[in-house]
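What follows is a short report on a single structure.
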Amino acid sequence: MNQPNEKLIQAKQQLAEKRSAEGRGTGRDSATRDRLPPGQTLATNGWPVLDLGLRPDIRREDWKLEISGAAKARSFDWAAFAALPQVKLTTDLHCVTRWSIFDAQVEGVLWSEFLKHIEVDSSATHVMFHAYDGYTTNLPLTELAMPDVAIVHSFGGAPLNREHGGPVRMWVPHLYAWKGAKWLKGMQFLTEDHRGFWEVRGYHNHGDPWKEERYS
Ligand SMILES: Nc1nc2c(c(=O)[nH]1)N[C@H]1C(S)=C(S)[C@@H](COP(=O)(O)O)O[C@H]1N2
Ligand SMILES: [Mo]
């Protein structure tokens, strides 16, 4: 009677698993490769944490978002923010330190929706985002107008944890992740561009991962 060659099957299965893991890890399979911007690797161990190391501990009930500069001054507390129309988004995210994550599920308020609830001067061209850890990052209104830009409070169906910028962070998935301020505290509307924390320290002012706009 012919017996299947268990050893051969095992060896082949191990090879398949190895190749599959390599594909996930490095973007060597074509579907992954097409979604990975140049020079990026898919993070294999969940969503990495990157920041200045301060990680402020803000409770939802203590959180405030201040609108300032070339816009009507206004403050949102958690209740006011949570009352705005909410969406769920599934997007990829790319970090300049070369990891990417696929299919991040976030929930919050789309930028396009948020704009309906504030009064921005016609002279405004850029926004400086301010965070509770002192971090800043600048974005032109034209980039904020791109799809999937949002102010988010949840990830994977749960409140955004402290490490990833809870209670509320910016989500700008078409640019490198440093453009998304964690522990969001303020939006300062500007009539000209000013560079944020990393942008004055050699990071690219625009940060398109598909063009590898990493450093300037
Ligand atoms: N407030 C704040 N936001 C921040 C940072 C920071 O140091 N402070 N780091 C930025 C950088 S460099 C990256 S890569 C992403 C990382 O987000 P994550 O830790 O959720 O992966 O947050 C960005 N937003
Ligand atoms: Mo980063």
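In this chain, residues are counted from 1 in sequence order. Ligands are counted one by one from 1 in listed order, and the atoms in each one are counted from 1 as well. Any value given below was found using the heavy atoms of this structure, including those in side chains, with hydrogens, waters and symmetry copies removed.
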State whether the shortest distance between N or O atoms of [X] and N or O atoms of ligand 1 falls below 3.5 angstrom.
| X | answer |
| --- | --- |
| Gly180 | yes |
| Lys182 | yes |
| Tyr135 | no |
| Ala181 | no |
| Arg169 | yes |

Which segment of [X] sits under 4.0 Å of ligand 1 when only heavy atoms are counted:
| X | value |
| --- | --- |
| Trp198 | side chain |
| Phe155 | neither |
| Trp178 | both |
| Trp47 | side chain |
| Leu52 | both |

Verify same cluster id: Phe129, Phe81 (apolar side-chain graph, 4.5 Å):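 Yes; Phe81 is reachable from Phe129 via cluster members.
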Ligand 1 contacted by Gly165 (non-hydrogen, < 4.0 Å):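 Not so, Gly165 does not reach ligand 1.
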Sub-4.0 Å heavy-atom approach of Trp99 to ligand 1: yes
Ring-face cation contact, Tyr203 with Arg201, 6.0 Å cut, 45° max: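 No cation-pi geometry.
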